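Because the structure is a prediction, the values reported are computed rather than measured.
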Amino acid sequence: MDADEMDIDLDGAGAGAYIDSPLSAPSASGSLPAVLSELAALHRRASSSSATSPSLSLASITYLSSAPAAVASLFPRLAEAGIPASSLLPPLEASLSAHPLPAAVAYLRLLLAPASPLLTLFSPLPFLSLLLAIRKAATAAASAAGAANPSSGSGGGRGNPRKRKKERHQPAAAPQAALSLLPRALSLLADAAGRLPLRAHPDARRSLVDTAAELAAFDVLAAVLGSDYHAETVQDVVRALAPVVLSGAKSAARVGAVQFLVTKLVPLGAEEGEDVVRKSVGYLPRYLAGMAPDKAEARALAVEAILEVVRALGSEERDGFAGYVVDMSKGKAKGRLLAVDLVLAMLPVLLPSHGDDCDLEEGSWGLKFLRVLVERCSDSVGGVRARALTNAAQALVVLSERGVEVDRLQEVMRIGNMGLGELLRQRCTDDKAAVRKAALVLITKAIGLIGRPVDESLLCAMGAACSDSLVSIRKAALTAISEVFRKFPDEKVMKEWLQAVPPLVIDSETSIQEECENLFLELVLNRICQAANLNLDDDSIKLEEVFPEGTLDLLKSICDGEVAPCIKKICASLGKKKKLKPVLASSLQNIITISESLWLRSCKPIENWTAPLGSWWLLSEVSSFAPKSVNWKFLSHHWKLLDNVGQDNGGKACSQVEPNSAFWAVNRVSLLQTISNVSMELPVEPAAELAHSLLTRIENFDMNLSEVDAHVKSLKILCKRKAKTTKEGAALILKWAQQLIRSAVDILDQYIRETSESARGHSFVTPMSSKSRGKKQTSASKSTSEAVIAVFTVGSLILACPTANVKEITPLLHTIITSGNSEPRPKDLVGGTISFKELVPSLYIQSWVTLAKICLVDDKVAKRYIPIFVQELERSDMATLRNNIMVAMADFYVRYTALVDCYISKITKSLRDPCEVVRRQTFILLSKLLQRDYVKWRGVLFLRFLPCLVDESEKIRHLADYLFGNILKAKAPLLAYNSFIEAIYVLNDCTEHGAYSESQGSSDRRPALFAIRGTDERSRSKRMHIYASLLKQMAPEHLLATSAKLCAEILAAVCDGLLSVDDASGRAVLQDALQILACKEMRIHPNICTDNSEMDEEGGEGGGTANALLAAKGRVVTQVAKKNLIQIAVPIFIELKRLLESKNSPLTGCLMECLRALLKDYKNEIEEILVADKQLQRELLYDMQKYEAGKGKGKAAAKFEAGPSGTARSPARQTPVGAAAAEVEASARATVRSVLKEVNRNTPTPPLHSMSVPKVKSILGTAGPGSRLPGVLESVRRLQRFESDDEN
């Protein structure tokens, strides 16, 4: 048969018809004689020609691949025909290219035939082609499978019609044939792998292993490991399977690879195995650990796979890997992160099944692993710290379940002298969010190890975390501190919990609000409810013995002034959601009743009794949501009791005030609030009697000021709820309001007249006796108190009934607030010649407050008196009055925004008030107005808030940090960037900035009020703290723009002469600018945009893409920063250096330090960056070498001083410190000499002590050291001494 006749068109119909037929039944053209005839022809052609052999026909290939019996008789027939077996290789190799998969199956069948000459038929190149054919077939099969299962979005009749037509004309049998032949090929390859002579062909062996690993053909790998060349193949198998085992996605191939390693590979490393195999298997987990990926999910899968391998290892190999993990925890950051995960995973494996404290004895792996976790909790990388804390929490759970004693765990969790509580406190205030969250989780898990009493600093750290800027941190802190309170309800814990948790009810996150309410309900209200069914025993003496532990302390703590508003909001929210149980009101009534009964049992006067603190207050808050649970007899009894205290039989106030009268007044206010809440449930007659009693009490003007508002409010509510119509209720309220105002006007007018007459004619009156003088003073004191209460009552009435007529009271108030002024007034004017401010300060202050309330309801009066309020706020020397006026101005801002906005520059001066209370009140009120957009961040307002960041009061500093770090960052993110340069000028009181002069205005008499002037360390540190706080709010691109603005508007202004450094304020501005450019907050790194990177992020979907975008943004910003440094900053620095040197300015050292910090990250590019100034280049190199040398000496000394275990060395062992320091200093000197050789023209470096003054180059280029002119030397003597970097 001619060879040309054997060519078959694979694209023809014949091929398709053949492939569609069963492969097990060869076609009529495929028979053994035909194959022999074709092979004979090919042999003759190869003998007569050196051309490349053609491939076998598809029919012959198919026959050989599908007829095992015929293949078995092929080799004897070839021998009979005189055809050598080697003649099969060339056509088979060509067929692997023409018909890949059928030829591969045929080749494998020939290799596996009984009489097959393996050494003759096997060749590395055809074998590699065979493996390549199988890989391509597997890829094609996978593509076909993907095409057969399209995505849901591409189904139906949609798509390209041409593409659908082309797909219809393509044969569909080829993928089906490939899918049918591929398993057969892999099965034959597995059978042949153990018989092939691969020991002499390492490349073919590696390719076989790689192919099997890629196709997850574990039968092939098992055959390879079962062959006689398995010792040489173990490493190849490990290398090929490692990427599959460590793949980041869960798949069947990965699971199969892990199981193969555990069941097939690891058993080869048994003691009776070969040394090479044992070592390879023993190092298998180390190899996998070294190749573990960085991402969290992939790393978790890698740890899981490594753990499976470790479980299958022997004890010796397991201990060796455990030691490797401990060593890895002290290596690079990637290894430390993986080590803390491996430690947690391996801890249950290394511990016995029934553990006790002997598991953590010295030298045990449990102890070593736990110490690794504790040490990594203080790692230098935030991600490692966070992971170590998280794993430590889980490790403690594991050890507790194994029965390890708490005392032993407390001992193990110590690092030197630092216990677990101190460690957690430090981590709760960590700068990385993930670390803070992990520390809080650890607190929740390890609360039993912390012990009692709980460290106060740790409690404060948890409380501070409750106000963290991140939602997840606040949630974790809320859970942690609540768990501590649940476990240890001590007084300190209770106080910190109440200070930290209830304020979260106003959090911006709804879930935190709900969790705060639920925790308050569980930990506070439900505990109080336990007292509902308690009864007073006969032998009870102390109140604390009757109620559950902590109940009275809870009641006492919740009525604290700082947390009371938040608890009010919590109770209101719980009441609206119907979560407040009626039993709570019953419990509070029971507490009050038992307290009274126990007091009377002790035969003590009832006048000295007070209910438990907080009981009446809480009852007043919850009674509105459970009015039917409050007993009217209970309220009536206690109202009569509390209302009669301090009064005589006539209803007037007694002169003798009991010690507990203040507590009784507070309780009366809460009782009135409770009565108001349940007024709809009151009977008609008792309600009318109560209303008359309230009106009488108000009209007497003898109450405590804190009770007046409660009485007026309660009387108003009773009238509104008991009136038949709304109109009738309003008329009734207006009637008694006018009645009370007229009475107050009469009292005030009479008091002013009497005081005026007394002050006008007292010098002509005959002196009185001491007895008469005492009676008169008592009467005057009583009338003064009555006048003050009358004025305050008028203010309460105005707010309760805005329609009341106040025309009569306004002139009297005007007389009081303007008394004592220097302007002329008529002599016959009542009260015009005396100063109530000096005579009766309380009446003077209350008059301002009442007038402010009148202004709130009358806009005409407000227009007249608001300027007077602003004037008094500026000039008053009474802190109480300034505080009250500030509160009034905040109310005016809401009511009359346009009218008050023009006075904002004067109002903000109260931020620098000498009184801390006034400053804090001003800050809080203005912050609330800013959040509600009544006040805008414009003009000088932002600049005047800056000094609050460094206020003397810690509370104000904390509020300012929260305002700038949370509220302002979200509400106005560009404000810090836009106002940064101006802030530098304002804080230094430098008037050479145009915007500063314009914003201050000519009317401001105290331009330095908001400045922090001075070059002393304290003033500089305050300003730098403000700058750092602003820089932390900026994005990387804004940091870059800010550095450019600093160079252009300050440094360049100095070079151009626009900003003089001869002036103290100008020098301070320049020094601040240089320190800002050198500070760590200004430095831009490639990873500055990836603070929420994988090591520090909390997880979530899409995190990888977001982090990739942030990383790309960081790289771009870094490149732009470098370009900005070279093109803008460095030329300005060079010119500025020349200017400062010409002026002999002490800021030269500060400039050099700034340059050193800026160029520290570009050490290898300094020559390129500073090409314009070689001398500056050399000086910077010298400064950097000196800085590094000093830092190296400090580290070496600290290392030798601390010793290897972190403890201080004894004096006898301190000799290596000097040796290390000397070694570092010698190295630094050698480096400095090499740098300075070029500067000094290869002359020896002068001694270091002679470098305290700068060396001046001779004007004669060839002159020696002794030929300098006297004039030059004299100029050197006149120069200012150049101090070292440390001194600068």
Side-chain angles (χ1 to χ4, degrees), residues 393 406-407 409-410 413-414 417-430 436 439-468 473-505 515-516 518-528 530-531 542-545 547-567 570 591 612-615 617-618 953-955 957-959 962:
V406 173
D407 295 339
L409 288 175
Q410 288 179 342
M413 296 291 286
R414 298 183 66 87
N417 296 326
M418 182 172 62
L420 179 61
E422 177 62 19
L423 173 65
L424 293 174
R425 185 196 65 79
Q426 293 181 5
R427 297 289 76 85
C428 284
T429 56
D430 198 277
R436 299 197 297 273
L440 293 167
V441 173
L442 179 56
I443 291 174
T444 307
K445 299 290 185 181
I447 186 62
L449 300 180
I450 297 176
R452 304 177 74 168
V454 182
D455 185 50
E456 190 171 354
S457 59
L458 178 60
L459 286 174
C460 293
M462 287 189 287
C466 289
S467 59
D468 196 275
I473 305 297
R474 297 200 295 275
K475 286 184 178 179
L478 180 62
T479 304
I481 197 171
S482 299
E483 186 64 27
V484 175
F485 183 34
R486 189 179 290 112
K487 186 77 174 180
F488 306 128
D490 299 335
E491 184 178 356
K492 292 192 301 182
V493 178
M494 181 190 304
K495 181 179 179 182
E496 188 62 37
W497 188 88
L498 289 172
Q499 293 290 333
V501 175
L504 292 177
V505 73
E515 184 66 17
C516 172
N518 295 333
L519 287 172
F520 187 82
L521 180 63
E522 173 196 352
L523 300 177
V524 177
L525 299 184
N526 287 348
R527 290 187 181 183
I528 297 175
Q530 297 176 3
K542 294 184 179 180
L543 196 61
E544 291 79 5
E545 299 175 354
F547 303 108
E549 182 182 1
T551 303
L552 299 180
D553 293 334
L554 273 176
L555 289 172
K556 180 181 179 181
S557 301
I558 62 176
C559 62
D560 183 78
E562 295 184 1
V563 301
C566 301
I567 295 179
I570 292 175
I591 290 174
L613 290 178
S615 55
W617 180 85
L618 185 58
S953 171
E954 183 180 358
K955 293 183 178 180
R957 292 198 302 269
H958 179 73
L959 292 172
Y962 185 79

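With contacts defined as side-chain heavy-atom distances shorter than 4.5 Å, the pair D468/R436 qualifies. Proximity of I443 to C428: side-chain heavy atoms (C-beta onward) are separated by under 4.5 Å at one or more points. Annotation: side chain of S557 is in contact with side chain of M494 (closest heavy-atom distance under 4.5 Å). Between L618 and I528 the shortest side-chain heavy-atom distance falls below 4.5 Å. Between L613 and L555 the shortest side-chain heavy-atom distance does not fall below 4.5 Å. Inter-residue side-chain proximity for Q530 and N526 is flagged as unmet; no heavy-atom pair is nearer than 4.5 Å. At least one side-chain heavy atom of L523 sits under 4.5 Å from a side-chain heavy atom of W497. Using a 4.5 Å heavy-atom threshold, the side chains of P489 and R527 count as touching.
I473 and L440 get closest at one heavy-atom pair: O-CD1, 3.6 Å. When all heavy atoms of R486 and L519 are compared, the pair lying nearest together is NH2-CD2, 3.7 Å. The nearest pair of heavy atoms linking L478 to C516 is CD2-N, 4.1 Å. In terms of heavy-atom proximity, P503 sits nearest to C566 at CA-SG, 3.6 Å. In terms of heavy-atom proximity, G463 sits nearest to E496 at CA-OE2, 3.6 Å. Residue A393 comes nearest to K445 through the heavy atom pair CB-CG, 3.6 Å, listed as atom of the first residue, atom of the second, then distance.
Here the CD1-CG distance, from I558 to L525, works out to 7.5 Å after rounding to the nearest 0.5 Å. In this structure, CD1 on I567 lies 5.5 Å from CG on L498, to the nearest 0.5 angstrom. Rounded to the nearest 0.5 angstrom, E491 CD and L554 CG are separated by 11.0 Å. Rounding to the nearest 0.5 Å places CG of D490 at 14.0 Å from NZ of K495. Interatomic distance, OG of S482 versus NZ of K487, reported as 15.0 Å (0.5 Å rounding). We find the CD1-CD distance between I481 and E483 to be 12.0 Å, quoted to the nearest 0.5 Å.
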Margin query: Show, in sequence, the C-alpha distance, side-chain angles and deciding distance for Q499 and E562, and conclude whether the side-chain contact (heavy atoms from CB on, under 4.5 Å) test is met.
Written below: CA-CA 8 Å; Q499 293 290 333; E562 295 184 1; 3.2 Å; yes
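Of the possible polar contacts, none joining the T551 side chain to the F547 backbone as a donor-acceptor pair under 3.5 Å is found. Judged purely by atom type and a 3.5 angstrom limit, S615 uses its side chain to pair as donor or acceptor with the backbone of P612.
Other residues, nucleotides and ligands contribute only 12 or fewer heavy atoms inside 6.0 Å of the CD atom of E456.
Taking the charged nitrogens against the carboxylate oxygens, D553 and K556 have no contact shorter than 4.0 Å, which rules out a salt bridge.
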